[in-house]
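Let me begin by presenting the structure, written as structure tokens, before commenting on it.
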Amino acid sequence: MSDWLKKKEVLIKRATEDIVNSRKTITLTGAGISVESGIPDFRSAQGLWSRYDPEEYAHINAFRANPEKVWQMLKEMMELVLGAEPNPAHVALAELERMGLLSSVITQNVDGLHQRAGSKEVIEFHGSNHWLVCLGCGYRREASSLSLEDIPPRCNNCGFILKPDVVFFGEPIPWEAQTKASEEARMCELALVIGTSAVVYPAGEIPIVAKKSGAKVVEINMEPTALTGSVSDYLIQGPAGEILSKIMDEIREKIS
Ligand code: NAD
Ligand code: ZN
């Protein structure tokens with residue numbers, strides 16, 4: 001076995017110990033956890049985000065200026081999300097929660113895959129694709145009633161083009177999500193940071209708050225991030241589905 005694989009196995013065992021011994025564990029997830037479900041993250045070179053620059057298409061000013069244009073991107077994103085299924089990483093986190101080993105999932109994702117995998121305590125930091133809102137009059141409706149021919153959807157009251165209830169760049173984080181996430185970060189003993197580059201703020205502050213409050217911070221990511229070597233105690237490098245499945249195998253063996 002190569003040194004690299006040996007190191008990975010050692011870290012998987014270390015994470016297992018850390019999870020089993022922690023009295024309160026939280027996780028912060030990002031777009032990387034849904035990549036194995038077929039939804040691209042912002043950093044990959046191909047896919048949706050090579051054609052739509054997030055700074056241009058995911059900014060609230062872009063939506064206000066030209067909602068039809070932004071809906072071209074949203075339509076493709078919604079098609080991808082509708083066709084996606086939770087992967088072993090989402091399933092593992094739901095199982096950890098059922099075992100009483102995970103307090104909450106704080107997610108930057110808007111794809112609803114944690115809930116579909118069975119997680120109950122999900123804090124949606126950037127809102128969700130589940131609702132559509134009117135920036136004109138506040139009208140809301142469920143996105144499940146939306147057909148793809150109906151795009152861009154319009155408000156029944158005032159005719160404005162509706163916006164998915166996700167947090168665009170330039171918009172504030174929902175107050176309740178921010179408050180709950182900060183509290184979880186302050187109170188935890190272990191924070192698992194999975195599939196996020198942690199450069200989008202204020203979500204990127206959650207691991208820092210956890211660390212300052214005395215928690216261990218463990219990253220699972222394909223590559224080092226801004227947290228690696230400074231905020232996180234260690235990084236387990238690889239695809240989240242594979243790493244979390246191995247951790248779950250170790251945990252089941254340990255507590256059976
Ligand atoms: P990001 O694109 O900045 O970073 C993704 C991270 O995941 C990278 O560090 C990458 O190395 C890692 N990664 C990629 N594939 C992985 C895998 N299989 N296993 C483990 N790690 C993997 O994403 P972010 O940090 O979440 O920030 C981007 C913003 O974009 C967020 O606010 C999020 O709301 C939004 N977004 C959401 C979705 C979604 O809902 N699925 C998709 C794209 C973007
Ligand atoms: Zn309206």
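Just follow the structure's listing: the first ligand is 1, and inside any ligand the first atom is 1. Excluded from the calculations below are hydrogen atoms, water molecules and symmetry mates; all remaining heavy atoms, backbone and side chain alike, are included.
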Query raised in the report: Can you tell me if Asp150 uses its side chain to pair, donor with acceptor, with the backbone of Leu146 under 3.5 Å?
Result: no

Do [Y] and [X] meet the salt-bridge criterion of a basic N to acidic O distance under 4.0 Å?
{"X": "Lys211", "Y": "Asp233", "result": "yes"}
{"X": "Lys216", "Y": "Glu189", "result": "no"}
{"X": "Glu56", "Y": "Lys69", "result": "yes"}
{"X": "Glu242", "Y": "Lys246", "result": "yes"}

Query raised in the report: Do any N/O atoms on Thr225 end up under 3.5 angstrom from N/O atoms on ligand 1?
Result: no

Query raised in the report: Got an N/O contact under 3.5 Å between Val110 and ligand 1?
Result: yes

Requested in this report: Check if Pro40 has a non-hydrogen atom at a distance under 4.0 Å from any atom of ligand 1.
Outcome: yes

Query raised in the report: Does even one non-hydrogen atom of Gly204 get within less than 4.0 Å of ligand 1?
Result: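 Checking ligand 1 against Gly204, which is what was asked, there is no heavy-atom contact under 4.0 Å.
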
Requested in this report: Could you grab the angle centred on the Zn ion (ligand 2), going from SG in Cys134 to SG in Cys158, to 10°?
Outcome: 100°

Report task. Nearest 10° is fine: what angle sits at the Zn ion (ligand 2) between SG from Cys155 and SG from Cys137? Result -> 100°

Query raised in the report: Quick one: which of Gly195, Ser37, Gly30 has a heavy atom closest to atom 6 (C) of ligand 1?
Result: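 Looking at heavy atoms only, the winner is Gly195.
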
